[in-house]
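Please read these numbers as outputs of a predicted model, since none were measured by experiment. Chain A is the first sequence line, chain B the second, and so forth, proteins listed ahead of strands; every chain is numbered from 1.
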There are 2 protein chains.
Amino acid sequence: MKATIYDIAREAGVSIATVSKVMNDKGKISAARRNQILSIMQRLQYQPSAIASALTGKHTYTLGLLIPDIANPFFAEVARAVEDRGHQFGYCVIICSTDNKDERIERYMTVLKQKQVDGIIIGTGLENHAMLEELRSIIPIVVIGREVTPLDVPTVVADDYRGGRLAAEHLLALGHVRMAVLAESLLISSSRDRLRGFQDAIEDAGYALPDDSIIACGHVLEDSKARVVKLLRGGNRPSGLFCFNDLLAVGALQAAKESNVHVPSELSVVSFDNTILASVTNPPLTSIAQPMNQLGEAAVDLLLRQFEHGDLVHQRVSLRTELIVRQSTDAAHPLKLL
Amino acid sequence: MKATIYDIAREAGVSIATVSKVMNDKGKISAARRNQILSIMQRLQYQPSAIASALTGKHTYTLGLLIPDIANPFFAEVARAVEDRGHQFGYCVIICSTDNKDERIERYMTVLKQKQVDGIIIGTGLENHAMLEELRSIIPIVVIGREVTPLDVPTVVADDYRGGRLAAEHLLALGHVRMAVLAESLLISSSRDRLRGFQDAIEDAGYALPDDSIIACGHVLEDSKARVVKLLRGGNRPSGLFCFNDLLAVGALQAAKESNVHVPSELSVVSFDNTILASVTNPPLTSIAQPMNQLGEAAVDLLLRQFEHGDLVHQRVSLRTELIVRQSTDAAHPLKLL
DNA sequence: CTGAAAGCGCTTACAG
DNA sequence: CTGAAAGCGCTTACAG
């Protein structure tokens with residue numbers, strides 16, 4: 001049987017209160033007793049029960065991480081950062097892949113509540129603001145990767161608008177004029193921000209992005225591939241393509257290959273996220289990097305700060321996106337545009 | 001304040017024992033009481049405390065998953081499978097990325113013990129057999145992806161030997177004779193099995209794999225790239241290369257490109273795992289697929305079975321590997337071998 | 001069919 | 001500096 005606090009107390013001839021105090025470094029205990037108890041704990045390989053202490057103390061030292069899918073490399077990397085940052089402070093993390101489905105989201109929410117996790121990081125689509133507000137009144141939360149305005153919830157995002165601008169400016173600098181955008185969904189704020197940034201930069205340069213150059217597609221590789229094949233087949237095809245994540249860009253590369261359109265000489269492709277996928281394709285993808293590590297870390301930090309100071313109003317962290325140039329972009333060839 | 005079992009009992013005018021019973025469908029409760037209590041629970045949005053019940057009942061409904069790195073696509077996919085299978089039966093999973101470091105492994109082990117998780121899936125390098133045995137005496141475990149002979153621990157593996165054979169047979173059928181192997185480490189059983197299978201198939205065909213064609217390299221992309229560049233530079237270069245995971249193969253592809261060796265016409269590459277990476281490279285990789293979903297599922301199932309029947313001796317599941325042919329392999333060109 | 005009571009393994013005022 | 005006791009929110013024999 002596992003040793004309990006009672007075993008230690010009996011062995012040491014003291015009360016469990018005393019044992020508890022040396023465990024938690026609370027109150028005043030004589031050095032002698034202290035050492036004696038410590039050595040007994042060691043001898044009996046005593047491990048305090050986290051669940052018993054959670055029932056009395058407040059912390060379970062567990063965090064919940066809601067994301068669409070842990071198998072998606074982007075979220076896997078964020079999860080790793082969350083895990084490591086949490087680990088530093090003694091927290092474990094429970095992964096909750098929601099597939100963005102309400103039913104799974106709700107299920108996980110109630111489970112996390114029942115388990116009394118200390119905080120929840122929400123990186124999943126969550127349009128149900130009422131639910132968010134309710135949850136927030138019970139457990140500290142932080143939303144990651146998207147805005148939930150008008151709610152005033154602690155948030156950490158990447159600077160998507162700037163990311164969009166960076167992509168456009170890079171392509172413009174290479175001489176591209178006729179461009180297109182491949183988006184997974186324009187419903188989430190991050191996508192809209194990327195688009196706005198991209199458009200603004202193009203307009204600032206005196207050009208325009210026609211509406212029919214903004215393509216929405218499903219989230220699987222085949223979808224983006226099919227859409228890009230269609231795009232490349234049309235007349236007046238773009239010389240620059242901005243994809244809102246790496247997987248979409250992979251689809252674009254495959255479509256280009258199938259259509260005998262060479263990347264980058266005939267088509268420049270910029271992707272977003274800069275996951276491992278971007279470095280693995282051929283050609284490797286020029287990509288707007290999201291600081292995945294910092295996203296995860298900042299989310300944990302915001303949670304920890306709430307544990308200490310209660311629910312702070314208006315916490316918002318915006319992290320810089322960055323252009324990583326690889327070989328999928330090159331100077332525009334004006335002749336190809338005719 | 002959150003409602004407790006006492007609130008429900010008071011409201012219903014019954015004892016907490018009765019409430020507990022309707023919650024757990026135990027004992028006999030009159031239908032009337034039952035419904036009355038149920039409706040009160042609903043009205044008060046009662047959610048039983050998982051931690052209180054864990055302190056008395058036995059289950060925490062939490063599993064631990066030890067893997068080298070959740071950011072590695074292979075483990076991310078396995079994790080997703082574990083999560084989903086667990087979810088079906090009401091279990092959450094705590095991810096523990098160990099980087100194969102003893103210090104992290106031990107830390108996580110004690111945390112998982114303190115949290116009293118119901119079971120642990122071990123997919124991480126763990127050479128400390130004493131620790132495994134000790135852990136096993138406390139908590140149900142299953143080892144995934146490797147053998148820990150001579151220990152008799154529940155295990156689920158892919159058929160690595162057969163995977164190695166499949167790779168060799170595929171290359172042999174394409175006419176390749178001069179081959180090489182790129183391994184991350186030959187210390188773990190799965191790598192050794194792959195190698196054995198590969199060698200056996202080659203020998204069965206009447207050829208041999210020279211020792212200097214078995215290359216071990218680090219686990220980052222740059223390592224494998226450097227090793228393959230060197231390999232391709234040497235005289236008498238192989239026409240077929242078998243890489244023990246997708247990332248190694250990505251490095252090989254990059255090395256080939258840099259060395260102006262065309263894949264697949266001058267070099268055929270077979271990888272292992274068949275993660276998303278294999279489908280994303282150019283050319284897409286012929287790969288030996290590990291059944292990542294089944295690995296995760298089977299691991300959970302083995303755990304659940306232990307919960308029900310106690311520690312069963314000698315549970316071992318071996319799952320089939322499968323050859324997925326893509327465009328990184330092609331017929332050998334005998335002239336190139338000269 | 002229902003309830004009183006002990007117990008799970010801790011923490012925390014409070015008293016000394 | 002140390003301990004008795006109540007309490008956290010449940011479950012489980014046991015008695016009726």
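- For the pair A:Glu83 and B:Arg104, the salt-bridge criterion is met [side-chain N within less than 4.0 Å of a carboxylate O].
- Residue contacts for A:Lys26: at a heavy-atom cut-off of 4.0 Å it reaches the sugar-phosphate backbone alone, with no base atom in range.
- Checking B:Ala17 against B:Leu55, the closest nucleotide of DNA chain D that is more toward the 5' end is the one next to B:Leu55.
- Each of A:Thr56 and B:Lys21 lies near DNA chain C, and the nucleotide nearest B:Lys21 is the one positioned closer to the 5' end.
- Residue B:Ser20 is classed as a base contact, given a heavy-atom separation below 4.0 Å to a base.
- Applying the salt bridge (charged side-chain N to carboxylate O under 4.0 Å, His left out) test to pairs two or more places apart or on separate chains, those with a residue in residues 87-102 of chain A are A:Asp99-B:Arg80.
- Within the 6.0 Å centre-distance limit, the rings of B:Phe307 and B:Tyr91 are counted as a close aromatic pair.
- Within the nucleic acid shown, B:Ser30 comes within 4.0 Å of sugar-phosphate atoms alone, with no base atom in reach, counting heavy atoms only.
- Within 6.0 Å of atom CZ in A:Arg43, more than 12 heavy atoms from other residues, nucleotides or ligands are found, so the atom counts as buried in its surroundings.
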* Start with the C-alpha gap between B:Ser190 and B:Asp160, add the side-chain angles, then the distance that decides, and say whether side-chain hydrogen bond (donor to acceptor under 3.5 Å, both in side chains) holds. => CA-CA 6 Å; B:Ser190 58; B:Asp160 291 293; 4.7 Å; no

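- A heavy atom lying under 4.0 Å from DNA chain C marks the following residues of residues 32-52 of chain B, by number: B:Arg33.
- When both distances must be under 3.5 Å, the Watson-Crick or G-U wobble mate of C:dA13 does not exist.
- In the 5' to 3' direction, nucleotides of DNA chain C lying under 4.0 Å from heavy atoms of chain A begin and end at C:dG9 to C:dT12.
- Going from atom CG of B:Asp7 over to atom CE of B:Met41 covers 13.0 Å, rounded to the nearest 0.5 Å.
- Base-pair partner of D:dA4: not found among the strands shown (Watson-Crick or G-U wobble, both distances under 3.5 Å).
- Distance check, rounded to the nearest 0.5 Å: CG of A:Leu38 to CD1 of A:Ile29 gives 11.0 Å.
- Electrostatic pairing of B:Asp25 and B:Arg34 counts as a salt bridge here, judged by a charged N lying under 4.0 Å from a carboxylate O.
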